[in-house]
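Before any comments, here is the structure.
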Amino acid sequence: MNPQAEELNDIIRKKSIPVFDLLSERGKNIFFPKKGILGQTAEAKGTKINATIGAAIEDDGSPMRLEALASKVDLDPSLVFPYAPSFGRPDIRAKWKSMIYSKNPSLQKREISLPVVTNALTHGISMAGYLFVDPGDEVIVPSLFWGNYNLTLVNAYGARFNKFNLFKKGGVDLEALEETLNEGKPGKKLIILNFPNNPSGYTPTQAETESIVSILNESAEKGNKIAAIIDDAYFGLVYEKGIAKESIFAPLSNLHKNVLAVKVDGATKEDYVWGFRTGFVTYAIKGGDAELYNALESKTAGAIRGNISNAPNISQSLLYNAFNSNDYSLQKQAKYQTMLSRYEAVKEALQTKKYQKYFQALPFNSGYFMCIQLAEGLKGEEVRQLLIKNYSIGTISLNNILRIAFSAVAAKDIKEMFEGIYKACKACS
Ligand SMILES: Cc1ncc(COP(=O)(O)O)c(C=O)c1O
């Protein structure tokens with residue numbers, strides 16, 4: 001093992017044996033090379049003649065660039081063209097951290113890591129897989145989950161999914177979660193918590209969130225060491241009262257010495273910048289301190305360095321500027337209102353009695369999506385294809401469930417969409 005990895009492992013082991021035990025073999029081996037090209041380049045910063053980094057510089061010292069590109073971007077070239085660090089730009093890391101605190105007031109001043117920038121959330125999940133999943137490790141997911149966890153965790157790192165039933169009586173099936181988490185002998189447990197959930201669009205109520213937290217706490221008390229990978233892709237898009245407004249990262253951040261909270265979040269869906277590819281990974285554990293978090297950040301940045309090297313500088317700079325703009329909050333609020341109006345239009349359309357013969361909504365209250373469960377005998381794929389062919393309506397079929405991204409449908413078109421779905425179901429039945 002590289003001595004720099006050993007150095008990080010020694011710190012982690014000294015600070016938290018559970019965190020060390022949660023690391024995969026890859027996670028144990030990885031480190032951010034302090035003494036490599038990046039380290040030597042950092043040491044040469046500010047020199048008069050700097051011949052370190054593999055980037056080109058104009059004679060005036062600014063980044064070499066083509067005017068055809070520079071003329072399109074209204075930012076200082078130094079914020080756009082050079083590499084960003086593998087850890088991410090320091091300014092946006094600090095800003096996102098302060099935003100995590102303000103979005104989750106119950107965190108108060110509790111110590112959490114500095115977010116490490118990823119190439120958006122998919123990459124954050126992948127890096128969590130790199131650090132925590134060994135081939136054959138079980139990852140607990142709800143019965144309805146984002147399909148790309150298959151590629152990021154099963155195909156890439158050899159995870160095996162252990163699914164728990166997500167819904168019972170209109171809410172979270174807490175018993176199923178508890179049973180699945182406590183299956184087998186106490187040991188390493190990996191679980192993905194994704195709320196608002198893709199595909200269902202469900203976020204647990206405040207009371208359900210508290211129950212989930214105490215299920216994790218009791219499981220940790222039994223000796224399980226749990227890494228909770230919290231996929232907060234749709235954070236902030238909650239449309240009902242009584243639903244958890246904060247990320248479950250907040251209560252998990254100092255729950256138990258056996259529970260490591262790994263928050264994967266980013267601007268993609270929250271700030272409507274799907275193509276920017278800016279996300280973050282942030283850690284917290286009860287009793288965690290800067291030394292432990294620095295070691296985890298270094299391992300994360302090392303995994304990133306060996307994978308995509310670093311995330312786009314231009315996206316981080318644009319977002320950092322937006323986050324500091326006076327209009328940011330107002331503009332975000334306006335987009336939330338648009339999403340809310342679509343959600344309300346879905347709820348209103350679903351009041352139509354005749355629909356019940358063919359489909360029923362699964363619980364939903366947040367995010368971009370909702371799902372309808374088709375009546376027995378109807379085939380989702382058949383309905384989906386007819387919807388495209390005869391009604392020009394696109395949906396996603398998941399066996400006999402249709403996922404509807406109401407985020408992408410104008411409120412005025414939502415009634416027509418459900419009428420089309422009704423007619424297609426009728427034709428298929
Ligand atoms: C639950 C969930 N996580 C992560 C992502 C991916 O986000 P990103 O585009 O930032 O990689 C998605 C996108 O569909 C998602 O639904």
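Nothing here was measured: the structure is a model prediction, and the numbers come from that model. Counting convention: from 1, in listed order, for ligands and their atoms alike.
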Partner of Asp137 by salt bridge (charged side-chain N to carboxylate O under 4.0 Å, His left out), out of Arg26, Lys189, Lys188: Lys188

Check each heavy atom of Asn198 against ligand 1 and say whether those closer than 4.0 Å belong to the side chain, the backbone, both or neither. side chain

Looking only at protein heavy atoms, which one is nearest to atom 10 (O) of ligand 1, and how far off is it? Thr268 OG1, 2.5 Å

In terms of residue, atom name and distance, what is the protein heavy atom nearest to atom 3 (N) of ligand 1? Asp231 OD2, 2.6 Å

Judging by distance only, is a nitrogen or oxygen of Ala120 under 3.5 angstrom from one on ligand 1? no

Geometric cation-pi criterion, Arg342 with Phe406: 6.0 Å, 45°: no

For atom 11 (O) of ligand 1, closest protein heavy-atom neighbour: Thr122 OG1, 2.4 Å

I want to check a possible cation-pi pair here: Lys263 against Phe235, using under 6.0 Å from ring centre and within 45° of the ring axis as the test. yes

On a heavy-atom basis, which atom in Leu174 and which in Ser211 lie closest, and how many Å separate them? CD1-CB, 3.6 Å

Quick check: Lys269 and ligand 1, any N/O pair under 3.5 Å apart? yes

Name the option, out of Tyr234, Phe276, Trp274, Trp146, that contains the heavy atom nearest to atom 16 (O) of ligand 1. Tyr234

Report, in ascending order of atom number, the atoms of ligand 1 lying under 4.0 Å from any heavy atom of Arg277. 8 (P), 9 (O), 10 (O), 11 (O)

Taking the six-membered ring for Trp and the single ring otherwise, decide whether the centroids of Tyr422 and Tyr355 are under 6.0 Å apart. yes

Could you tell me which atoms of ligand 1, counted from 1 in the order shown, lie closer than 4.0 angstrom to a heavy atom of Asn194? 1 (C)

At what distance is the nearest protein heavy atom to atom 7 (O) of ligand 1, and which residue and atom is it? Leu121 CB, 3.5 Å

Tyr336 OH to Ser341 OG distance, which is reported to the nearest 0.5 Å: 10.5 Å

Exactly one candidate in Phe167, Phe364, Phe195 meets ring-ring contact (aromatic ring centres under 6.0 Å, His included) with Tyr202; the answer is Phe167

